[in-house]
Visitor: 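My structure is below; once you've seen it, I'll send some questions.
Each chain gets a letter, A, B and so on, in the order the sequences are listed, and its residues count up from 1.
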Amino acid sequence: MMVDASAPPTRRAVVPLRQGTIARRGSVFLSRHPRLRLSLLLGAPLFWLGLVYIAALAALLITALWTVDSFTGQISQTWTVDNIVAVLTGSLYQTVTLRTLGVALLVTIIDIVIALPIAFYMAKVASPRAQRILVIAILMPLWASYLVKAYAWRSVLSQGGIFEWLVSPFGGHSPGYGLPATIITLSYLWLPYVILPIYAGLERVPDSLLEASGDLGGGTWSTLRLVVLPMIWPAIIAGSIFSFSLSLGDYITVNIVGGANQMLGNLVYTNVGAANNLPLAAAIALVPILIIFAYLAAVRRTGALNNL
Amino acid sequence: MKRISARPTSVALTGVAIASVALLLTACGTSQGGGTAAPTTAQTELGDMEGSVSLLAWPGYVEDGSNDPTVDWVSAFEEQTGCTVTSKTYGTSDEAFSLMKTGDYDVVAASGDASLRLVAAGDVAPVNTDLIPNYDGIFDFLKMQSWNSVDGVSYGIPHGYGANLLMYNTEVVTPAPTSWNVVFDKSSDYKGAVTAYDSPISIADAAVYLMAHQPELGITNPYALDKTQLAASVDLFKNQRINIGEYWSDYLKAVQAFETGDTVVGTTWQVIRNSLAEGTPAEVVLPDEGATGWSDTWMIAANAKSPNCAYAWLDYIASPEANAQATEYFGEAPSNAGACDFTVNPDHCASFHAGDADYAAQIWYWSTPIAKCLDGRTDVTCTDYSDWTTAWQEIKG
Amino acid sequence: MRLSRSARGLLAAITAVVLALIYLPLLVVFVNSFSTSQNLTWPPPGFTLGWWAKAFQSDGALDAVLTSLQVALASTAVALVLGTLISLGLQRFEFFGRDAISLLVILPIALPGIVTGIALNNAFRTGLGVQLSILTLIIAHATFCIVTVFNNVIARLRRLGTSLEDASSDLGAGIWTTFRLVTFPQLRSALFAGGLLAFALSFDEIIVTTFTAGSSVKTLPLWILDNLFRPNQAPVVNVIAVVLVLVSIIPIYFAQRIAGAEKVVR
Amino acid sequence: MTGAQPAIRLTGLTKSFGNVNAVDGVDLDIVEGEFFSMLGPSGSGKTTVLRLIAGFEKPTSGTISLLGQDVTDRAPFDRDVNTVFQDYALFPHMSVLDNVAYGLRVRGVSKRARYEQARQALDTVRLGSFVDRKPSQLSGGQRQRVALARATVVQPKVLLLDEPLGALDLKLREQMQVELKELQRNLGITFIFVTHDQQEALTLSDRIAVFNEGKIEQLGTPAEIYERPSSPFVAAFVGTSNIFDDTVSHALLGRAGTHSVRPEKVSVTTENRPLAADCTAAGTLAEVIYVGSSTQLIVDLDAGTRVVVLEQNDAHRVATTERGVRVTIGWNNSDIVTLSAPAPAPAILAPHP
């Protein structure tokens with residue numbers, strides 16, 4: 001018998017629940033009012049996000065409907081859709097939008113393709129120790145400044161740079177500065193942001209599932225395709241949101257390695273930073289906003305939004 | 001480009017760029033006399049030092065050794081005058097303009113565009129150059145110019161200036177060019193290796209070229225372009241665009257590109273040439289057509305709390321020693337003739353053509369294009385800076 | 001999963017190659033920090049320790065690092081609080097509009113930085129009439145940092161379930177006591193991981209920073225941007241980057257250890 | 001069973017999730033000091049009732065009283081009941097001692113006093129030497145006892161146990177059943193025990209409430225529940241029963257309605273041998289299953305139904321082991337239980353326990 005029967009029934013004085021303290025009363029009150037509890041939890045963050053962020057965005061979008069008086073430089077608050085029409089119909093904006101979208105998509109695809117095998121190796125093949133070292137190795141470059149890394153790529157890709165030196169024995173050439181260089185550099189910059197969620201996603205796939213699939217006769221490829229991929233799909237999408245949206249808004253990298261090209265970010269930047277034309281900048285900013293919203297709407301169903 | 005080109009001179013350009021706020025220039029511009037709000041009388045005599053002075057300047061104009069211990073001309077001033085310097089840097093002329101409105105600053109270093117706005121808004125006071133002994137040493141061709149005086153009243157002390165030159169790779173670009181045509185009409189010879197300064201204000205470079213090569217367009221001031229003239233300039237750049245390797249907006253980029261050979265010809269600054277690694281086969285030239293350039297001005301706040309220290313700073317920074325330090329650090333020509341004796345590099349003045357009035361005369365100093373033509377034409381409306389911005393974006397495509 | 005030897009080898013090889021590619025530019029940065037070239041040109045013409053000496057004497061760099069630390073710490077702190085609150089609200093309650101709120105949290109990171117930047121800039125300056133300062137910068141950074149905390153915490157809460165909290169409440173602990181003694185200790189490592197990411201995000205952010213920092217606020221990326229364009233400072237920037245990468249090992253290592261220790265326990 | 005007022009009184013307790021009534025109008029008095037079990041298949045609402053009593057859920061309607069006090073609107077921390085969770089819910093970041101001392105800690109008991117009491121409680125469950133371990137370092141049975149100690153150290157009026165033995169293996173489970181009973185007797189507090197294991201409920205309880213679809217199907221002592229199930233559901237869920245629907249009852253028993261007979265109450269003999277029983281029927285032996293202490297015989301009756309018979313493997317056992325053999329089965333009238341509700345058709349075999 002495991003209960004010690006010789007021990008007398010422990011009849012200690014019952015310690016009463018504490019009543020009456022303010023914290024206690026607060027707890028009691030709150031527990032009776034879950035709605036209040038919820039509003040206390042969400043009040044501050046929603047105030048922050050709603051008032052700081054959404055209001056700012058809304059204000060920006062409204063600005064797109066105004067114009068800058070070129071005579072005074074002041075924003076004149078007369079409603080007009082001229083800016084938006086100009087952005088939608090201007091061939092410049094269409095070209096740049098397509099270019100930006102292409103770059104962002106390519107960067108995203110490249111990053112996912114590179115991230116998948118590495119993340120898989122980290123999560124499912126490497127020893128726990130190696131896993132830890134790999135995570136550190138992936139995270140560390142994040143701390144070398146974005147700018148420093150972009151300039152490093154400028155150096156790597158220059159004529160006579162390391163890239164040229166590495167590929168010339170195989171008859172290759174550095175792509176020089178331009179869109180390929182932009183895509184390479186952006187892929188590089190955002191790669192850790194794509195690897196990490198996919199790695200986390202893969203870690204959540206239990207080994208037993210892989211074994212079960214193998215047990216049922218699934219080959220490596222079919223296991224990956226039928227079991228692993230669907231399970232980490234949200235994680236992949238989550239990673240893609242980073243690479244896609246960060247690329248979509250970038251204007252510094254393309255300045256450094258992009259040759260003579262410009263992206264949407266440059267147009268926005270120039271209009272607001274140099275030309276003082278906030279309404280036009282806001283109208284241009286609508287383009288990436290719409291693209292991102294379309295993207296988010298498309299991926300929403302995968303549950304990726306809970307997996308960032 | 002505000003941040004991309006944080007180097008002061010380029011930032012100064014941004015300042016120009018941003019000041020599409022044309023009202024004040026138009027209403028109170030040089031041709032029409034001083035702004036009504038501006039104090040029209042300057043201080044007549046100096047009093048005791050107040051013990052401190054607050055400066056507002058482009059990054060790097062006021063260096064106290066905190067970025068680089070060897071770059072410091074503020075400490076000497078503090079020792080000499082007992083005025084403790086607090087300084088703040090700004091990124092755009094707009095920012096400078098609104099910061100001056102706070103009344104917290106005694107002195108501001110302003111670019112050609114901001115300066116007149118500040119005068120018109122009554123934020124800066126006339127400067128009695130008699131109280132600034134070192135003013136005598138300033139090159140005459142910089143004094144009382146349209147960007148630092150109004151109706152014959154001086155509003156500040158010139159700081160430094162420079163030109164946007166043509167640089168070329170001596171091995172690739174032969175014979176040595178004397179005209180901008182190597183980057184315009186003949187740019188296809190160097191396809192993929194041509195560069196240009198990445199800013200709408202660069203359109204003035206084309207206008208300068210067209211002034212010489214297409215006189216029928218009637219351009220008399222590269223910052224006063226009507227629609228036809230702008231279109232002609234833009235066309236010139238659009239033809240150049242297909243041959244451009246990259247645009248540059250900071251001089252590190254330009255230096256690297258010339259050193260590696262990614263770029264062989266294009267606009268540049270003297271300081272870029274001077275920064276090239278030894279042995280880089282590159283030279284600069286001020287082409288026959290002339291060139292654009294910049295010049296900045298030190299001004300005193302209308303309600304300065306420490307006007308005496310402010311005057312002391314203006315005098316100090318115009319002194320040959322300080323002027324030499326500040327302008328050499330940033331790679332521009334000093335405004336004080338005597339500065340040339342104090343540069344670390346004895347050839348500094350020569351390489352920047354400091355004091356060369358003929359050279360300086362070929363420079364069209366940056367001004368903000370505004371609807372009211374700067375060249376005095378009244379029969380047409382000129383294109384303003386926002387038109388230029390749109391045009392520049394379309395050029396880049 | 002049973003992977004063939006060759007498949008494992010292939011994966012290892014891919015990983016090695018990509019890691020090499022990841023570190024190649026960093027190697028360039030490292031080498032350039034000893035290069036006599038002022039312009040980061042390759043190959044380096046000579047060797048010098050001068051930039052390292054200069055970097056450690058640079059008050060500007062030190063100030064910038066301190067400013068960045070301040071901003072990153074403050075915005076991480078705000079993000080930790082707000083992110084935890086939102087996660088608790090969304091994970092522990094059912095209500096209409098949950099999806100909208102989780103979208104709202106993601107938006108600041110999903111929308112391009114330049115959009116967030118000019119929107120906040122416009123709101124601060126023209127909407128609220130506030131001068132840009134370190135405070136506006138912290139607000140901006142915290143806004144897009146919330147999401148990293150939120151994601152980590154909500155994932156943890158989901159995994160945790162409510163039984164520990166039920167048990168605590170059952171044993172007589174009030175709402176606050178339960179959070180302090182039970183929920184919070186269970187969230188600690190998730191908060192650390194989310195906080196670390198938030199910190200890194202804020203520390204290296206430049207686009208939103210450009211638009212929301214007061215003119216006297218010089219974060220490290222802004223300082224780097226300033227100095228990259230001074231030829232005599234660019235190699236100093238490389239030194240700073242190298243130092244940052246090396247120093248970053250410490251927090252990452254600790255984060256890993258905490259996560260690893262937890263994995264063993266579970 | 002002393003107090004005049006019940007330890008727990010549930011009145012019209014209803015809990016809906018969406019439009020599903022998980023608990024549907026439950027009225028129940030639980031007497032102070034009794035070991036009360038709530039038995040039912042998963043989804044029958046028993047756990048929800050427990051969570052309602054603990055306060056983790058708010059009832060849609062109805063009230064809960066604890067010792068005469070209405071606690072329906074009280075938060076869990078404001079009720080004098082404690083719970084032993086199915087997964088134990090031990091705080092993983094605290095030592096065993098801290099876990100057990102937790103309830104005292106939040107009541108403001110001084111460190112020394114609470115550790116003293118927690119040690120005592122751990123001694124009671126014979127875990128005195130494990131105080132510094134983390135829960136993750138304990139076995140399932142040990143965790144279970146920590147959970148018990150943690151819930152009892154604060155001397156609750158009522159202890160709620162949510163399938164506390166579910167995660168343990170059979171041997172350990174039987175051992176813990178004994179321990180639980182002892183503990184309850186020693187502490188003298190009311191235990192409300194939720195389980196889906198009828199054997200466990202029968203073994204431990206003073207009284208059992210059988211739950212089905214959110215309602216209490218039957219309430220009574222283990223013997224009442226087993227011997228006199230009030231419905232086909234109870235007859236089928238608690239133990240094994242031969243359930244005869246209206247038609248079969250007519251044929252076999254000559255009465256209307258649904259009836260049941262426990263397999264062990266049925267006697268069997270080879271055909272043509274006398275059988276001392278009120279009622280007999282002939283059939284063929286369809287299956288013989290040896291289950292250790294007894295043997296289960298399945299007989300296809302000529303009347304067209306199938307009956308399960310359980311024979312003790314003792315000296316008197318009729319060694320009828322060949323399938324296909326003709327047999328006679330019989331039972332006494334007193335062993336026939338009349339079930340109020342009509343039997344669900346086809347109702348032949350109850351699930352094997």
Side-chain angles (χ1 to χ4, degrees), chain A residues 67-75 83 86 90-96 98-99 147 150-151 154-161 164 174 176-178 181-182 251-281 284, chain B residues 1-5 13-24 26-27 91-94 117 192-196 198-201 240-250 252-253 256-257 259-263 370-372 383-390 392-397:
Chain A
T67 50
V68 163
D69 187 319
S70 63
F71 190 65
T72 62
Q74 301 298 320
I75 288 175
N83 284 317
S91 66
L92 166 72
Y93 301 108
Q94 288 169 0
T95 317
V96 176
L98 282 179
R99 180 185 303 143
L147 288 161
Y151 262 91
R154 188 174 159 81
S155 168
V156 169
L157 292 170
S158 68
Q159 281 190 17
E164 184 91 17
S174 165
Y177 304 138
T182 310
Y251 64 92
I252 294 179
T253 297
V254 71
N255 245 327
I256 296 174
V257 297
N261 290 292
Q262 54 183 351
M263 302 203 340
L264 276 173
N266 299 76
L267 293 184
V268 176
Y269 184 86
T270 312
N271 274 297
V272 69
N276 199 28
N277 192 343
L278 186 63
L280 183 58
I284 302 171
Chain B
M1 307 303 290
K2 183 166 63 175
R3 289 295 177 195
I4 287 298
S5 53
L13 165 67
T14 313
V16 177
I18 287 190
S20 55
V21 178
L23 168 67
L24 302 170
T26 311
T92 68
S93 281
D94 267 354
R117 267 202 284 167
V194 179
T195 194
D198 186 6
S199 165
I201 204 74
Q240 180 199 46
R241 168 68 182 83
I242 49 175
N243 301 316
I244 288 280
E246 66 177 9
Y247 293 99
W248 63 276
S249 45
D250 59 82
L252 182 61
K253 230 176 121 176
Q256 286 180 340
E259 284 189 2
T260 58
D262 284 293
T263 295
I370 54 174
K372 184 169 185 351
T383 51
D384 64 13
Y385 195 73
S386 74
D387 295 328
W388 286 36
T389 307
T390 312
W392 185 249
Q393 285 173 351
E394 270 164 10
I395 288 166
K396 288 176 77 184

Visitor: Measure the spacing between OG1 of B:T390 and CG of A:L267 and express it to the nearest 0.5 Å.
Guide: 10.0 Å

Visitor: Tell me the closest heavy-atom pair linking A:I256 and B:K253, and the distance in Å.
Guide: O-CE, 4.1 Å

Visitor: Which one of B:G192, B:G397, B:G245 has the most heavy-atom pairs closer than 4.5 Å to chain A?
Guide: B:G397

Visitor: Can you tell me how far apart CH2 (B:W392) and OG1 (A:T270) are? Round to the nearest 0.5 Å.
Guide: 10.5 Å

Visitor: Kindly say whether A:Q159 contributes a backbone atom to a donor-acceptor pair with the side chain of B:D262 at under 3.5 angstrom?
Guide: yes

Visitor: Identify which part of B:A257 has an atom lying under 4.5 Å from any heavy atom of chain A, answering side chain, backbone, both or neither.
Guide: both

Visitor: Taking atom CG of A:L92 and atom NZ of B:K396, what is their separation to the nearest 0.5 Å?
Guide: 10.5 Å

Visitor: Would you give the length of the straight line joining atom CD of B:Q256 to atom CZ of A:R154, rounded to the nearest 0.5 angstrom?
Guide: 5.0 Å

Visitor: Just verifying a value: how many Å separate A:S158 OG and B:E259 CD, rounded to the nearest 0.5 Å?
Guide: 10.0 Å

Visitor: How far does OH of A:Y177 sit from CD1 of B:I244, to the nearest 0.5 angstrom?
Guide: 15.0 Å

Visitor: May I ask you to test the B:T389-A:L280 pair for a side-chain heavy-atom distance under 4.5 Å?
Guide: no

Visitor: Taking all atoms of both residues into account, what is the closest heavy-atom pair of B:Q393 and A:N271, and its distance?
Guide: NE2-ND2, 3.1 Å

